[in-house]
Colleague: 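To start, I am sharing the structure in question, which I have written as structure tokens.
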Amino acid sequence: MGLARDEALALLAERLSARRRRGAKRLRALADPTTAAQVRAALEREVLDRRTWETQYQLIMALGMTGDRDDVEFLKGLAHQPRAATAVNTALGDAIVRLGRATDNDPAPLLWCLQQDVELFADGALRAVAMLRLRFSDAAVGDVLDYAEDHFHDLDHQFLPYWPVVAAAGWSGPRVQAFLTRCSQDDRQLIADAANDALNGRYGNHVSVL
């Protein structure tokens, strides 16, 4: 049986990072908005220690599941802080898309993330778009595909096109069709399989999200 809400919150004050991380993961799963203030306070403490990036990641993801638009500027500020563990940026992009939308299918938070020069930030934002199955206007879809195509062969992040491909299962139009057809022939099996699913309107089995 998983931790109860109050047990998970209590772990956020533990001395050991692993225990704080356990609490954060549980609060992320519970997605209870009444925990948001405590999750944010724990994150504000945690980011002072650059060694605990795994715990920071889970706290950011927990805030993305519990917080609201008032937390977005705080998260944007964190995104521009230098860090060695760039996986934290993935969580930041994800959380900003989840919390920053004025309406369910508002592309503005994603587009803001795509404009930033922050490693792995866009990847997290695109992941949230795919996981939430957001449906955008043709113009916003075009911006996403421009980004994906510009970074299609990025050797440092070779699977960055994966999440745009997954998200495209819910989009339509000739450009989307052409993008997915091209991706279905890619030599990266992960991308090719996702594209074939998307061409058939299926989101498929997402890669495990930490």
Side-chain angles (χ1 to χ4, degrees), residues 57 60-61 64 69 72-73 75-83 85-199 201-204 206-210:
Y57 179 99
I60 293 165
M61 294 297 289
R69 295 185 73 193
V72 172
E73 290 305 314
L75 294 171
K76 286 181 175 180
L78 291 181
H80 287 286
Q81 292 182 5
R83 56 179 53 86
T86 53
V88 171
N89 295 336
T90 304
L92 288 166
D94 186 297
I96 287 169
V97 168
R98 290 180 184 275
L99 299 180
R101 291 168 292 139
T103 60
D104 284 349
N105 292 302
D106 179 11
L110 169 69
L111 298 179
W112 185 87
C113 291
L114 297 186
Q115 293 165 3
Q116 311 308 306
D117 184 20
V118 178
E119 187 176 4
L120 292 183
F121 191 44
D123 188 57
L126 290 164
R127 180 179 74 184
V129 169
M131 299 296 287
L132 293 168
R133 302 187 179 187
L134 301 186
R135 296 178 181 271
F136 293 151
S137 67
D138 289 345
V141 167
D143 289 337
V144 174
L145 297 186
D146 284 345
Y147 187 90
E149 289 169 351
D150 285 348
H151 294 80
F152 205 84
H153 295 294
D154 184 337
L155 296 180
D156 291 326
H157 306 296
Q158 62 172 325
F159 292 109
L160 190 146
Y162 174 76
W163 290 115
V165 168
V166 174
W171 303 339
S172 60
R175 185 171 179 196
V176 173
Q177 192 76 9
F179 173 71
L180 290 176
T181 299
R182 173 189 171 194
C183 292
S184 72
Q185 301 163 1
D186 196 83
D187 57 5
R188 292 164 289 188
Q189 197 63 44
L190 181 74
I191 290 173
D193 289 347
N196 280 310
D197 280 334
L199 282 166
R202 299 192 302 265
Y203 284 88
H206 298 309
V207 169
S208 176
V209 177
L210 297 176

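Since we're looking at a predicted model, the values are computed, not measured.
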Colleague: For Leu134 and Trp171, work out which heavy atoms get closest and say how close.
Modeller: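 Looking at all heavy atoms of both residues, the shortest contact is O-NE1, 2.9 Å.
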Colleague: Keeping the roles fixed (side chain from Tyr162, backbone from Val207), state whether a donor-acceptor pair exists under 3.5 Å.
Modeller: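 Present.
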Colleague: Please give me the minimum heavy-atom distance between Ala140 and Pro107, naming the atom from each residue.
Modeller: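 Closest approach of Ala140 to Pro107, heavy atoms only: CB-CB, 3.7 Å.
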Colleague: Write out all pairs satisfying salt bridge (Lys or Arg N to Asp or Glu O under 4.0 Å) with one or both partners inside residues 114-137, taking only residues at least two apart or from two chains.
Modeller: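 Counting only pairs at least two positions apart or across chains, the salt bridge (Lys or Arg N to Asp or Glu O under 4.0 Å) contacts touching residues 114-137 are Asp94-Arg127.
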Colleague: So which atom in Ala168 and which in Ala198 form the shortest heavy-atom distance, rounded to 0.1 Å?
Modeller: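 That would be C-CB, 4.4 Å.
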Colleague: Distance from Phe121 atom CZ to Leu78 atom CG, nearest 0.5 Å?
Modeller: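 Between atom CZ of Phe121 and atom CG of Leu78 there are 9.5 Å.
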Colleague: Going by the side-chain contact (heavy atoms from CB on, under 4.5 Å) test, name the single residue among Val165, Val166, Asn196 that passes it with Ile191.
Modeller: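 Going through the options one by one, the only one that passes is Val165.
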Colleague: Any salt bridge between Arg202 and Asp197, counting N to O under 4.0 Å?
Modeller: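 Yes, charged N to carboxylate O under 4.0 Å.
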Colleague: Whether the side chain of Tyr57 engages the backbone of Leu210 through a donor-acceptor N/O pair (distance < 3.5 Å, no angle test) should be reported.
Modeller: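 Flag set: sc Tyr57 to bb Leu210 pair under 3.5 Å.
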Colleague: What pair of heavy atoms forms the shortest contact from Arg101 to Asp106, and how long is it?
Modeller: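 Arg101 and Asp106 have their closest heavy atoms at CG-O, 3.4 Å.
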Colleague: Is there a donor-acceptor contact under 3.5 Å from the side chain of Arg175 to the main chain of Gly173?
Modeller: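 Not a single qualifying donor-acceptor pair exists.
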Colleague: Out of curiosity, Leu110 CG to Gln115 CD, how far, rounded to the nearest 0.5 Å?
Modeller: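 It comes to 9.5 Å.
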Colleague: My understanding is that only one of Leu92, Asn89, Thr86 makes a side-chain contact (heavy atoms from CB on, under 4.5 Å) with Val118; could you say which?
Modeller: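 Answer after filtering Leu92, Asn89, Thr86: Asn89.
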Colleague: Mind checking whether Trp163 and His206 have parallel, tilted or perpendicular rings, split at 30° and 60°?
Modeller: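 Taking His206 first and then Trp163, their aromatic rings sit tilted (interplane angle of 30° to 60°).
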Colleague: What's the separation between atom CD in Gln177 and atom OG1 in Thr181, rounded to the nearest 0.5 Å?
Modeller: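 OG1 of Thr181 is found 5.0 Å from CD of Gln177.
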Colleague: Compare every heavy atom of Ser184 with every heavy atom of Ala192, then report the nearest pair and how far apart it is.
Modeller: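 So the minimum-distance heavy-atom pair works out to CB-O, 3.6 Å.
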Colleague: If you measure from CG on Asp186 to CZ on Phe152, what distance do you get to the nearest 0.5 Å?
Modeller: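 Atom-to-atom, Asp186:CG and Phe152:CZ are 4.5 Å apart.
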Colleague: Taking the side chain from Arg188 and the backbone from Gln158, do they hold a donor-acceptor pair closer than 3.5 Å?
Modeller: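 Yes, because the side chain of Arg188 sits within donor-acceptor range (under 3.5 Å) of the backbone of Gln158.
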Colleague: Kindly compute the distance separating CG (Leu75) from CD1 (Ile96), expressed to the nearest 0.5 Å.
Modeller: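 Nearest 0.5 Å value for the CG-CD1 distance: 5.5 Å.
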Colleague: Give, for atom CG of Leu126 and atom NE2 of His151, the distance between the pair rounded to the nearest 0.5 Å.
Modeller: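 It is 10.0 Å, given to the nearest 0.5 Å.
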Colleague: Looking at every heavy atom in both Pro109 and Val97, which two are closest together, and how far apart are they?
Modeller: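 Heavy atoms only, the tightest pair is CB-CA, 4.0 Å.
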Colleague: Above 12 or not: heavy atoms from other molecules or residues under 6.0 Å from CG of Asp138?
Modeller: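 Count not over threshold, so no.
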Colleague: Once ring pair (Phe, Tyr, Trp, His ring centres under 6.0 Å) is applied, what residue pairs with a partner in residues 174-195 remain, sequence neighbours excluded?
Modeller: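 Residue pairs with at least one partner in residues 174-195: there are none.
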Colleague: Show your working on side chain to side chain contact (heavy atoms under 4.5 Å, CB included) between Lys76 and Gln116 and close with a plain yes or no.
Modeller: CA-CA 10 Å; Lys76 286 181 175 180; Gln116 311 308 306; over 6 Å; no
